[in-house]
Amino acid sequence: VKDATHAVNDAHQSSSIREQDLQPQERFEDELIMHLERDQFVAETARPVPRAALSGRATAGLWALRIFVVLVSLMVVYTFIDQLH
Amino acid sequence: MWLLVGPGILAMLGENDGPSMIAYAADGAQYGLGFFVPFIPLLFAMAYVCQEMCMRVGAVTHRGYGELVLQRYGSVWGWFAAGDLTLTNLVTLVAEFVSIRVGLAYFHLGSVVAVALGLVLVVFTFSSGRYWRWERIVLGMALFNGLFLVAAILVKPHVGAIASSFDFSPFPGGSFNTLLLLIASTIGATVTPWMIFFQQGASADKGMTPRDIRHGRYDTAVGAVLAAIFGVGALIAGAALLTHGGAGIQGFAGAGFPEALKHIAGSAAGTVFALGLVEAGAVAILTISASTAYAAAECVGVAHSFNTSPREAALFYAANVGVALIAAVVILIPGAPLLSIALNANVLATVLLPVSLVFMVMLANDKGLMGGWANKRSTNVIGISVIAFVGLCGAAYGIDAFLQTIHLIGS
């Protein structure tokens, strides 16, 4: 839970400082997108979004969660196979 | 409103799939109405919180979940997410074919018919070449999920008992591990990784924009309410077997729930439940195959829309059919443990879900993507609570069952 909370807060905080300045621009982009033709819309979505910067703690938390989930998944699979016999 | 109805209802009713309905009926057959009647609507309330985020992120960013995780957090996390999804989808699709097979067995039809029906539906629904038509066909089929409500009425339940069970009592007794299995599989029957991929991908494919978010919320809420009602219907139908199912949940695997219901509540109840299982499996095959296709094509970075032709989006359509085909082959293996596969498919989905949910909450909080549509603090509190609850239940079952299997603890 701590890891998840930290990762979420990190995503929130790391982006919020620079994004506050972009909000009027984003509102304009929202309005623009709503008036695009289908082909223009598809072309707009083909543009990749920029990479987010995750802190070391958030990355470590995500890896810890990933490893934990893989371990529990292996336990479930092992139990399932054992039950088949 | 009619134009915007779709992804939310499809995700929720698609999740009322074969293994889910079998899990609900198994809950009812094993423990009766108490605890699980209010637990199912509570889980769908949790599902609403998660799915609303998916719809909102899809509408604001116009991108699918896999694509966004890959671009925003890097290819490692994107491919992990796609890998989780493919694994759980494959196991779940096997369970969907099992569901169709169990339903058709009631009408003395074999597994070959179940496989053919599932595969023909996958090809038929996307052959129209438009997302809109695909969605309307699947939506029309999904409404037959209401058959479980009809089954519940046909078993003539005691209305007073249903009403009094809303106080979460009596808490289920018996084996701790079986209870954990049923709770974990019930959670996996309500919130799963494929729903996240599907609803965000479908919202983007449908062309939703921030202006449509209010209607998207209605769509998701209606889906959650309908799915909760139909899910409770399956539970009530299963509960009719409570006093007759001394053999426990595995005991129903051979004859199947429809056959067992026929003996207890008459052939009409058995027939309706069997048709419900066919419908639940068929709809889920379509939505889960679609979510796999969205994920595969998004991660590879090629066309991923029902609005493109098979020539333009070869990988998208190949993944759609291919994953269904692999699952179909598995159920043709004689002597496969049907109910065990169905319940464990849900458990696996529950175990893998927290990672998908964490990224979902991160995306929904990302002001760089979402601007003013980012999560509020209250949504984060609920979202993180859901992740903690799902993670705890999945891990508790996985660890407890494993320790029992290797004889470190007793049952």
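Just so it is clear: chains get the letters A, B, ... in the order the sequence lines come, proteins before strands, and each one is counted from 1. Below, all heavy atoms of this structure are taken into account, side chains as well, without hydrogens, waters or symmetry copies. In this text, all values refer to a predicted model and were calculated from it rather than measured experimentally.
Here CG of B:L403 is found 7.0 Å from CE of A:M75. Values are rounded to the nearest 0.5 Å. For the atom pair OG1 (B:T405) and CZ (A:F80), the distance works out to 12.5 Å, reported to the nearest 0.5 Å. Considering OG of A:S73 and CG of B:L352, their distance stands at 4.0 Å, rounded to 0.5 Å.
Evaluation of the ring pair (Phe, Tyr, Trp, His ring centres under 6.0 Å) rule for B:Y397 yields no partner, not counting sequence neighbours.
Looking only at distances, a side-chain donor or acceptor of B:R72 sits under 3.5 Å from a matching main-chain atom of A:P50.
At a 4.5 Å heavy-atom cutoff, the contact between B:V76 and chain A is made by side-chain atoms alone. Neither the backbone nor the side chain of B:L70 comes within contact range of chain A; no heavy atoms are under 4.5 Å apart. For a residue to count as touching a neighbouring chain, one of its non-hydrogen atoms must lie under 4.5 Å from one of that chain's; by this rule B:F359 touches chain A with the side chain only.
Note: A:W63 and B:W77 have tilted aromatic rings, judged against thresholds of 30 and 60 degrees for the angle between ring planes.
Per-residue counts of heavy-atom pairs under 4.5 Å with chain B were compared for A:V72, A:V49, A:V69, A:T59; the largest is that of A:V49.
The side-chain tip of A:R66 points at the ring of B:F80 from less than 6.0 angstrom away and within 45° of straight on.
Of all heavy-atom pairs between A:A52 and B:D366, the closest is CB-OD2, 4.4 Å.
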What verdict does the side-chain contact (heavy atoms from CB on, under 4.5 Å) test give for B:Q404 and A:T79, after you've listed the backbone C-alpha separation in whole Å, the side-chain angles of each residue and the deciding distance to 0.1 Å? CA-CA 9 Å; B:Q404 278 188 38; A:T79 306; over 6 Å; no
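The side-chain heavy atoms of B:I406 and A:Y78, taken from C-beta on, include a pair separated by under 4.5 Å.
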